[in-house]
Amino acid sequence: MRSHILPKAFFMQSALVVAHELLGKFLVVSKNGKRRSSMITEIEAYDGFEDKASHAARGKTLRNAPMFQEGGIWYVYLIYGMYNMLNVVTGPRAYPAAILIRGVDGIGGPGKLTRLWGITRFYNGLPLNQSTGLWIEDRGVVIPQKLITKSPRVGVMYAGPVWAQKPYRFFICPSEINALYFKEPGAGKSA
DNA sequence: TAAGTGATCTCT
DNA sequence: GAGATCACTTAA
């Protein structure tokens, strides 16, 4: 087996675990008969009621409702009137948690990613699988721990000193990304 | 450094 | 209903 679609069970784990594991996995979109995929290189975790940087910090609303569902669905919302943010919901029902996909190989920036790939709120609340046309695959790439950098999350100064500074943003050092691909035919960058 | 953009949330 | 805010990007 060269690649497999990450199952719901994978996303039932805690946000920080899933966040770590998602680095090196492949985001795949299949739309209008065309398929695109790229390795996930940057993510942020938003975990629980206590996380003041999370949309769920002030309770459930119409917008953040998907975060309160069981893991394995998408949470997509519009920010600054222009940009769709793509998140994966994790953990059990009624525990709000999600991972923001901030970048893939070749595209740095969550708003750019969704714009370039045509990912909209259409996917909000839908599961990650082939039926919806947007999912995540494991293609066997393993990211050495030393290549993963942690930092505070972006754009969450409003969360106060403690939560704004939590090292919940993980990314792969960009200069190391190319070396991660398998050299065998059929694996690697091309979908 | 600041404009652009509009849904959503929190007050009236 | 009105006003503020916002997990961003781009062009200067």
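Labels below follow one simple rule: chain letters A, B, ... track the order of the sequence lines, proteins then strands, and each chain is numbered from 1. Only this structure's heavy atoms are used, side chains among them; waters, hydrogens and symmetry mates stay out.
- What separates CG of L100(A) from P of dC6(C) is a distance of 16 Å, to the nearest Å.
- When distances run from any side-chain atom of L62(A) to the nucleotides dA7(C), dC9(B), dC8(C), the shortest one goes to dC9(B).
- The R58(A) side chain lies nearest to dT10(B) when the options are dA7(B), dT10(B), dA7(C).
- Side-chain contact annotation: D47(A) with Y95(A), donor-acceptor N/O pair under 3.5 Å present.
- When the P atom of dC6(C) is taken as reference, atom CG of N64(A) falls 15 Å away, rounded to whole Å.
- If you measure from atom CE of M67(A) to atom P of dA7(C), you get 11 Å, rounded to the nearest angstrom.
- For R115(A), no side-chain nitrogen or oxygen approaches OP1 or OP2 of dC8(C) to under 4.0 Å.
- Of the candidates I119(A), V88(A), N124(A), V89(A), W74(A) forms a side-chain contact (heavy atoms from CB on, under 4.5 Å) with just one, namely V88(A).
- Looking at P66(A) and Y77(A), their side chains never come closer than 4.5 Å, going by heavy atoms from C-beta outward.
- No donor-acceptor contact under 3.5 Å links the side chain of Y77(A) to the base of dA7(B).
- If you measure from atom NE2 of H55(A) to atom C1' of dT10(B), you get 15 Å, rounded to the nearest angstrom.
- An OP1 or OP2 oxygen of dA7(C) is reached within less than 4.0 angstrom by a side-chain nitrogen or oxygen of Y158(A).
- In this structure, G111(A) reaches the sugar-phosphate backbone alone: every heavy-atom distance under 4.0 Å involves primed, P, OP1 or OP2 atoms, never a base.
- Between the C1' atom of dA7(B) and the OH atom of Y75(A) lies a distance of 11 Å, rounded to the nearest Å.
- At a threshold of 4.0 angstrom between heavy atoms, the contacts of R63(A) are confined to the sugar-phosphate backbone, with no base atom among them.
- When distances run from any side-chain atom of M82(A) to the nucleotides dT5(B), dT9(C), dA7(B), the shortest one goes to dT5(B).
- With salt bridges taken as basic N to acidic carboxylate O contacts below 4.0 Å, one links R169(A) and E42(A).
- Under 4.0 angstrom from either OP1 or OP2 of dC8(C) there lies at least one side-chain N or O belonging to R102(A).
- Regarding I79(A), its CD1 atom lies at a distance of 18 Å from the P atom of dG4(B), rounded to whole Å.
- Remark: C1' of dC8(C) and CG of L86(A) are 15 Å apart, rounded to the nearest angstrom.
- Taking a pair to require two hydrogen-bonding distances under 3.5 Å in either a Watson-Crick or a G-U wobble arrangement, dG6(B) pairs with dC6(C).
- A salt bridge links E44(A) to R102(A): one of the charged nitrogens lies within less than 4.0 Å of a carboxylate oxygen.
- The CE atom of M85(A) sits 6 Å away from the P atom of dC8(C) (whole-angstrom rounding).
- Residues E44(A) and K112(A) each lie close to DNA chain C; by heavy-atom proximity, the contact nearer the 5' end of the strand is made by E44(A).
- Nearest-nucleotide positions on DNA chain B place Y83(A) closer to the 5' end than the other of R121(A) and Y83(A).
- For P110(A), whose side chain is taken as the heavy atoms from C-beta onward, the closest listed nucleotide among dA7(B), dT10(B), dC8(C) is dC8(C).
- Here the two rings, on H55(A) and Y46(A), have centers that are 6.0 Å apart or farther.
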